[in-house]
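Step one of this worksheet: look at the structure below.
Reminder, nothing fancy here: chain letters follow the sequence lines and each chain counts from 1. Note that the structure is a prediction, hence the values are computed from the model and not measured.
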There are 2 protein chains.
Amino acid sequence: MTHFPHSNGMEKQIKIPEATIDRIALYYRILEDLLAQGVQVISSQKFASVCRINPAQVRKDLSFFGEFGVRGVGYNVRDLLMEIKKILVSDREWKLGIVGLGNMGKALVRDENFFRRGYRFVAAFDSDPAKIGQEVVKDLFIRSMAEISLATDQLRIEIGVITTPPLHAQRVADLLMDAGIMAILNFSAIQVRKPDCCLVHNVDFTVNLDNLAYHLKKRS
Amino acid sequence: MTHFPHSNGMEKQIKIPEATIDRIALYYRILEDLLAQGVQVISSQKFASVCRINPAQVRKDLSFFGEFGVRGVGYNVRDLLMEIKKILVSDREWKLGIVGLGNMGKALVRDENFFRRGYRFVAAFDSDPAKIGQEVVKDLFIRSMAEISLATDQLRIEIGVITTPPLHAQRVADLLMDAGIMAILNFSAIQVRKPDCCLVHNVDFTVNLDNLAYHLKKRS
DNA sequence: GCCTGTGAATCCATTCACAGCT
DNA sequence: AGCTGTGAATGGATTCACAGGC
């Protein structure tokens, strides 16, 4: 939750809002587009209008991490992209292990967005004996659940992705955490119990739909 | 953003936090579990500990919509479930149309969670001529993009789901909005431009991964 | 005694507004 | 003149703490 701004070591720690991290990830994606379009320099004003947020928000978000702009000018798109890459630790690959190769699991490992952003599925596990040994995508063979512990260690898996039915999810999460994994992206519709040291993000699209439905109804 | 609490009409409008709506959706899922486990009554204290949030938060969230508990006792699980069902408008079906039947699109229409929560995919569209006519799931045949407008109207589609590549996403969103759709769940990695009247939720798992990666790094 | 419902207090995030640099 | 970086002000959301009811 805290950070040494400007990376020169000894200042007081500053709390960085969680929302800022997520927006920075968004900025990264939009800066990529701008660069592809040949934009070299952009003001917080213009950039914010592309992102559909407040210009001061952009400047404040970036200011948590350093001073990346030029007064009177704006931000160099390529440079800012590189800075954000460092902030988000997107300047290296992250190794993922996925458990549960049903429709959703398969869709995720085949989704090239993960690869493009530096996320590599290096292992896949399923409890269905019929699936074990299947090559779900080039060079990725489905392993048994019993292999989770060893493979996590040997392949240095850093983030676990759970796409099993809810009933198995807690057991799978425990296996992953026992194997030393500190971060989990959980697509199963349960709240995973976990120690404070482990990070878990839950993804449930039907919650998004409930939210949309609520607002649709309210407007009508 | 506003609501008439207790549903008797003429009180001043109260702003309901967006986060409250999302938590209410979470409560709904957890109450289903509790009911399945045979729990009949639960205090905000116990319920909050299951949800891993603050008890006052639970009570405050619910209080925006009415008084559902009994002082000195707690909340009746079945009754609260029914009340939340009404709040979230989960007491009826919602019709979805999906555009883009790649890996992710197919995984979504085959995911039984949507069905269980009352969300029905009633139409599927893709631009690939080879896919048109395919039965992607029982009774759901892929249509051409040209049919979006007519089908949306005839089938009374209420929410659009976009699972196309980013390049097509804006065009698809425009088609859906032109056809009168007021809510979109967008899985493509772009920020959709839209009028204020239309609701759009963006889903990008790689943003979740970026967030996890950031925190993993910071801790190490 | 126990637990809900809620105003008040606190905490956090966003936006304003301007000093400071180019 | 133009735009960043940031303290101060505002606006929201969460939590506290207790009055009120079972």
Side-chain angles (χ1 to χ4, degrees), chain A residues 1-3 5-8 11-27 31 39-77 79-80 83-84 87 211, chain B residues 1-3 5-8 11-27 31 39-77 79-80 83-84 87 211:
Chain A
M1 294 296 167
T2 55
H3 190 86
H6 311 183
S7 308
N8 50 355
E11 306 89 337
K12 70 176 189 305
Q13 299 198 358
I14 291 171
K15 174 128 185 17
I16 297 169
E18 203 57 27
T20 291
I21 308 298
D22 290 342
R23 276 192 301 268
I24 294 265
L26 183 68
Y27 299 163
L31 286 166
V39 179
Q40 291 181 354
V41 173
I42 196 164
S43 66
S44 62
Q45 179 73 239
K46 286 233 188 70
F47 185 67
S49 100
V50 176
C51 301
R52 289 182 176 71
I53 57 173
N54 182 297
Q57 183 80 80
V58 172
R59 298 197 301 274
K60 175 75 82 180
D61 283 340
L62 295 174
S63 77
F64 285 115
F65 299 98
E67 306 195 0
F68 306 124
V70 179
R71 285 156 199 246
V73 180
Y75 300 87
N76 179 293
V77 172
D79 292 350
L80 186 54
E83 293 291 349
I84 290 183
I87 293 167
N211 188 300
Chain B
M1 297 293 167
T2 55
H3 190 85
H6 311 183
S7 306
N8 51 355
E11 306 89 337
K12 69 177 191 307
Q13 299 198 358
I14 291 172
K15 172 126 184 21
I16 296 170
E18 204 57 27
T20 290
I21 308 298
D22 289 342
R23 276 193 301 269
I24 294 264
L26 183 67
Y27 299 163
L31 286 167
V39 179
Q40 291 182 354
V41 173
I42 196 165
S43 66
S44 63
Q45 179 74 238
K46 285 233 189 72
F47 186 67
S49 101
V50 176
C51 301
R52 290 183 176 69
I53 57 172
N54 182 296
Q57 183 80 79
V58 172
R59 298 198 299 275
K60 175 75 81 180
D61 283 340
L62 295 174
S63 78
F64 286 115
F65 299 98
E67 306 195 0
F68 306 125
V70 180
R71 285 155 199 246
V73 181
Y75 299 87
N76 179 292
V77 173
D79 292 351
L80 185 54
E83 293 292 349
I84 290 183
I87 292 167
N211 188 302

Self-check item: Contacting residues from residues 50-61 of chain A, given that a heavy atom lies under 4.0 angstrom of DNA chain D
Solution: Arg59(A), Lys60(A)
Quiz item: Between Glu67(B) (CD) and dC22(D) (P), how many Å, whole number?
Solution: 10 Å
Practice problem: May I have the distance from Lys46(B) (atom NZ) to dC3(C) (atom C1'), rounded to whole angstrom? | Solution: 11 Å
Self-check item: Reported OH-to-CD distance for the pair Tyr75(A) and Glu67(A), which is rounded to 0.5 angstrom
Solution: 9.5 Å
Quiz item: Can you check whether Tyr75(B) has a side-chain N or O nearer than 4.0 Å to OP1 or OP2 of dG5(C)?
Solution: yes
Quiz item: With respect to Leu80(A), which candidate in Phe47(A), Phe68(A), Tyr27(A) satisfies the side-chain contact (heavy atoms from CB on, under 4.5 Å) definition?
Solution: Phe68(A)
Practice problem: Could you tell me the separation between the CG atom of Asn54(A) and the OG atom of Ser44(A), rounded to the nearest 0.5 Å? | Solution: 9.0 Å
Quiz item: OP1 or OP2 of dT14(D) sitting under 4.0 Å from any side-chain N/O of Arg23(B)?
Solution: yes
Self-check item: Nearest-Å distance for atom pair NZ/P, residues Lys15(B) and dT6(C)
Solution: 19 Å
Self-check item: Separation of atom CG in Leu80(B) from atom C1' in dG5(C), rounded to whole Å
Solution: 14 Å
Exercise. Calculate the interatomic distance between Phe64(A) atom CZ and dT14(C) atom P; express it in whole Å.
Key: 9 Å
Quiz item: To the nearest Å, how far apart are Phe47(A) CZ and dC3(D) P?
Solution: 16 Å
Quiz item: Ile42(B) CD1 to dC3(C) C1': how many Å, rounded?
Solution: 13 Å
Quiz item: So does Ser44(A) get a side-chain nitrogen or oxygen closer than 4.0 Å to the phosphate oxygens (OP1/OP2) of dT4(D)?
Solution: yes
Quiz item: What is the distance, rounded to the nearest whole Å, between atom CZ of Arg71(A) and atom C1' of dT4(D)?
Solution: 5 Å
